[in-house]
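The block underneath contains the structure these notes are about, expressed in structure tokens.
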Amino acid sequence: MMDLRSKRILVTGGSGFLGSHIMDLLRQMGCVQVAAPRRRQFDLVRQEAVERLFEEYRPEVVIHAAATVGGIGANRDNPGRFFYENAMMGIQLIEACRRYEVVKTVVLGTICAYPKFAAVPFREPSLWDGYPEETNAPYGIAKKALLVQCQAYRAQYGTNAVFLLPVNLYGPRDNFDLHSSHVIPAIIRKCVEAIKNTSGTITLWGDGSPTREFLYVEDAAEAIVRATECYDGAEPINIGSGREISIRELVDKIATITGFDGRIEWDTTKPNGQPRRCLEVSRAQQEFGFTARTDLDAGLRATVGWYRENLASISTRNSSVNTIGVFGDESTTQAN
């Protein structure tokens, strides 16, 4: 087991949604040499910036949580950007980890990498059984290429690079911009605003039939830090709760928690995304003892509470893409 307290740690995306919770946990553990520079300092899409970053910080441990990511609409509108930026960031970062002899590299993938019709629950060996859901494919494939790089570098250079597959995340500090947010923050915001505006109706994409699995962000941070400490294997590992819920059921829960009692309209001209998503999560428990602890209802209540408490300070940017491109200048989840 690696003692992270004595290591120089670099967290990309460290001021974003997931990254900020990873940073919190590392600091609580007593890690004092933790860096999370922002994109304006080091744009990881640019090779020279990656070089400057490693020259300046000389990290011993790297957790790559940065991504250019968004919901279904953002994926559909920006397939080229999502592919290019995620691939370039990851490829250059992993190569720098090799050249600078980083002791441990942890790369975060995405559930979007799984085939559109993968058997549920998704098991890690099924990653290569088919093509991802079309709206997510450029992002998912860019991330999956990093798994191949991690395994290739391990085989040729002995690089200790591990690859984790987080499920849909939610929780405090999520992105609530309706143009780029994912399903839970989008529904929360629509319900809260409908109550405030005394509107009797909210409109949601699709028909509500798809299923999703959700993991509370603090649980995800715990899993990632545990893997950083304890897991040194070549095979990818799912990070999730293992519990599946339909979007319709999710909406009912959020409406109840927020107090919204109006009508819900489904815009079936908009895409549903992947039909089902749920992970088989036993490998994480076996390899580094991770089991999700936060019940969905409790996590939703905490998220709604945080949103309401922070309404005044939450940005309402109108960007169509939620870019944490390098070091998390905005908040994000890892999958839609």
Residues, nucleotides or ligands: over 12 heavy atoms within 6.0 Å of Gln47 CD: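 Atom CD in Gln47 is crowded, with more than 12 foreign heavy atoms closer than 6.0 Å.
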
Specify the closest pair of heavy atoms between [X] and [Y], including all atoms of both residues, with the distance to one decimal.
X      : Y      : answer
Pro132 : Cys112 : CB-O, 3.4 Å
Lys190 : Leu204 : CD-CD2, 3.8 Å
Pro59  : Val102 : O-CG2, 3.6 Å
Ser246 : Ser209 : CB-O, 4.3 Å
Leu215 : Ala292 : CD1-CB, 3.6 Å
Leu300 : Leu250 : CD1-CD1, 4.2 Å

Within a strict 4.5 Å, meaning less than it, do heavy atoms of the [X] and [Y] side chains meet?
X      : Y      : result
Val225 : Leu26  : yes
Gln92  : Leu44  : no
Ile91  : Gln149 : yes
Asp24  : Glu218 : no
Met29  : Glu229 : yes
Val62  : Tyr57  : no
Ile254 : Phe260 : no

Trace of the side chain to side chain contact (heavy atoms under 4.5 Å, CB included) decision for Ser126 with Tyr114: CA-CA 7 Å; Ser126 70; Tyr114 274 100; 3.5 Å; yes

Worked verdict on Tyr216 versus Tyr170 for ring pair (Phe, Tyr, Trp, His ring centres under 6.0 Å): CA-CA 5 Å; Tyr216 193 59; Tyr170 73 101; 5.5 Å; yes

side-chain contact (heavy atoms from CB on, under 4.5 Å) partners for Glu235, two or more places apart: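 Listed in chain order: Gln151, Tyr231, Arg283.
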
Ring-face cation contact, Tyr157 with Arg98, 6.0 Å cut, 45° max: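 Yes, Arg98 lies over the aromatic ring of Tyr157.
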
Side-chain (His21) to main-chain (Pro172) donor-acceptor, under 3.5 angstrom: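 Side chain of His21 to backbone of Pro172: a pair is present.
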
Listed once per pair and sorted, the salt bridge (charged side-chain N to carboxylate O under 4.0 Å, His left out) pairs that draw on residues 289-307, sequence neighbours left out: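 For residues 289-307, and leaving out neighbouring residues, the salt bridge (charged side-chain N to carboxylate O under 4.0 Å, His left out) pairs sorted by first residue read Glu222-Arg293, Lys253-Asp297.
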
Side chain to side chain donor-acceptor pair (under 3.5 Å) partners for Lys104, two or more places apart: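 Checked Lys104 against side chain to side chain donor-acceptor pair (under 3.5 Å); matches are Asp232.
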
Flag for Arg76-Thr135: side-chain donor and acceptor within less than 3.5 Å: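 No.
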
No-hydrogen, no-angle side-chain donor-acceptor test under 3.5 Å, Tyr100 and Glu51: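 A pair is found: one side chain offers a donor N or O, the other an acceptor, under 3.5 Å apart.
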
